[in-house]
Protein chains: 2
Amino acid sequence: MSDMRAKMEDITNKLKSNNIRLSHQRLKVLEYLDHNRIHPTVEQIYEGLHDEIPTLSKTTIYNTLNALTESGLVKVLTIEDNETRYDIRTDAHGHFKCTACGEIYDFEVNMDSLEIQGLNGFRVYSRDMYFSGICPKCMEQE
Amino acid sequence: MSDMRAKMEDITNKLKSNNIRLSHQRLKVLEYLDHNRIHPTVEQIYEGLHDEIPTLSKTTIYNTLNALTESGLVKVLTIEDNETRYDIRTDAHGHFKCTACGEIYDFEVNMDSLEIQGLNGFRVYSRDMYFSGICPKCMEQE
DNA sequence: ATACAAACTTGTAATGATTACAACTTAATT
DNA sequence: AATTAAGTTGTAATCATTACAAGTTTGTAT
């Protein structure tokens, strides 16, 4: 179990500094992201919360995710076009997508170990790594 | 100037093995990608070729790019949602997008230098790296 | 507590990229 | 030259996302 008190404090602080209110709907979206670490799409979030909040609108989910992204509380994953995904993990890590089952796995990366050339004089703010292939589970089933 | 003869031979071979014909339109799309190394969108390709081939349809460009992607002759870049881009460079390299001017730069990467954890037992087929920040040109103008 | 203003939610409509489809055209093969 | 598979094109359909406007909630100042 994670330390919810510290987490909530962090959340409210980040939101306050961006003049964003933590409404009931937004709290539920954050809760969904925290409990379902599957890098969900808007559709998945919508389906997941629909039973609990039948009036919840997709527009609100989009609005919420955009607000949370601007506040730095969630990260956008653009692994493939046509399926924007959202990640509540905001520290540096990589993503692997299995082309067989579609699942997205996290992996740990030492970004500083990477040997690169051609970015002298560039100011780098974000570094994203997307791998793809076959996950162990799907390799077994072949 | 690149060795066009060898390149064309490589192209026709790859297409033949996939039962894909190298039509006039497809040749022009390839030529555009070769001469305009800007990781263009479909819209940019369409605009760029419209004067020369007024009858060219966007559907053909989509069809062509999908066929070339399946044959491995071009790579799809999904840096941000809502702007699929195409790259004629198919060797391993990274992409940097300047958030100020929007330009996408290539950079060289030694993929094997990367220290990662959590992918034991995974079969990795592709490794994409997307960086973003400010390019030197835009830093000057501040 | 009350009132006000700013922020939020929601449903519907608009947008924009991509794909589906069907009729017609082109190209490779016998 | 005939046949057949593949390609092209314009239009319509699809789907994710955003725009918008009306009503609702929340925080703050009085």
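Below, chains carry the letters A, B, ... as their sequence lines are ordered, and counting in each starts from 1. Keep in mind that this is a model prediction, so the values were computed, not measured.
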Participant: If you check every side-chain atom of Arg26(B), which of dT8(D), dA6(C), dT26(C) has the closest atom?
Facilitator: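 So the nucleotide nearest the side chain must be dT8(D).
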Participant: It should be established whether Gln25(B) places a side-chain nitrogen or oxygen under 4.0 Å from OP1 or OP2 of nucleotide dT9(D).
Facilitator: yes
Participant: Leu73(B) and side-chain contact (heavy atoms from CB on, under 4.5 Å): which partner among Thr90(B), Leu33(B), Leu15(B)?
Facilitator: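 That would be Leu15(B).
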Participant: Distance check, rounded to the nearest 0.5 Å: Glu31(A) atom CD versus His24(A) atom NE2?
Facilitator: 9.0 Å
Participant: Nearest whole angstrom, please: distance from the P of dA7(C) to the CG of Leu15(A).
Facilitator: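 Computing the Leu15(A):CG to dA7(C):P distance gives 14 Å.
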Participant: So how far is it from Met139(B) CE to Ile134(B) CD1, rounded to the nearest 0.5 Å?
Facilitator: 8.5 Å
Participant: Check the distance between dT26(C)'s P and Leu22(B)'s CG and give it to me in whole angstrom.
Facilitator: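 Answer to the nearest Å: 17 Å.
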Participant: For Glu103(B), what residues pass the side chain to side chain contact (heavy atoms under 4.5 Å, CB included) criterion, not counting sequence neighbours?
Facilitator: Cys101(B), Tyr105(B), Lys137(B)
Participant: Rounded to the Å, how far apart are Lys28(A) NZ and dT9(C) P?
Facilitator: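 Atom-to-atom, Lys28(A) to dT9(C), this comes out as 14 Å.
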Participant: Pull out every residue in residues 45-76 of chain A that has a heavy atom closer than 4.0 Å to any atom of DNA chain D, ordered by number, or say none.
Facilitator: Thr59(A), Tyr62(A), Asn66(A)
Participant: Starting from the 5' end of DNA chain C, give me the residue, Ser23(B) or Glu43(B), whose nearest nucleotide shows up first.
Facilitator: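 This one resolves to Glu43(B).
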Participant: Will you find, in the side chains of Thr78(A) and Thr78(B), an N or O donor that is under 3.5 Å from an N or O acceptor?
Facilitator: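 There is no such pair (donor and acceptor under 3.5 Å, judged by atom type) between the side chains of Thr78(A) and Thr78(B).
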Participant: Please check the phosphate of dA17(C) (OP1 and OP2 only) for any side-chain N or O of Thr84(B) closer than 4.0 Å.
Facilitator: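 Looking at the OP1 and OP2 atoms of dA17(C), neither is under 4.0 Å from any side-chain N or O of Thr84(B).
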Participant: What nucleotide among dT9(D), dT26(C), dT10(C) has an atom nearest to a side-chain atom of Arg21(B)?
Facilitator: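 It is dT26(C).
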Participant: Taking the six-membered ring for Trp, are the ring centroids of Phe122(B) and Phe107(A) within less than 6.0 Å of each other?
Facilitator: no
Participant: Name the residue closer to the 5' end of DNA chain C, choosing between His24(B) and Ile20(A) according to the nucleotide with the nearest heavy atom.
Facilitator: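 Result: Ile20(A).
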Participant: How close or far is atom C1' of dA16(D) from atom CG of Asn82(B), stated in whole angstroms?
Facilitator: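 So the two atoms are 9 Å apart, to the nearest Å.
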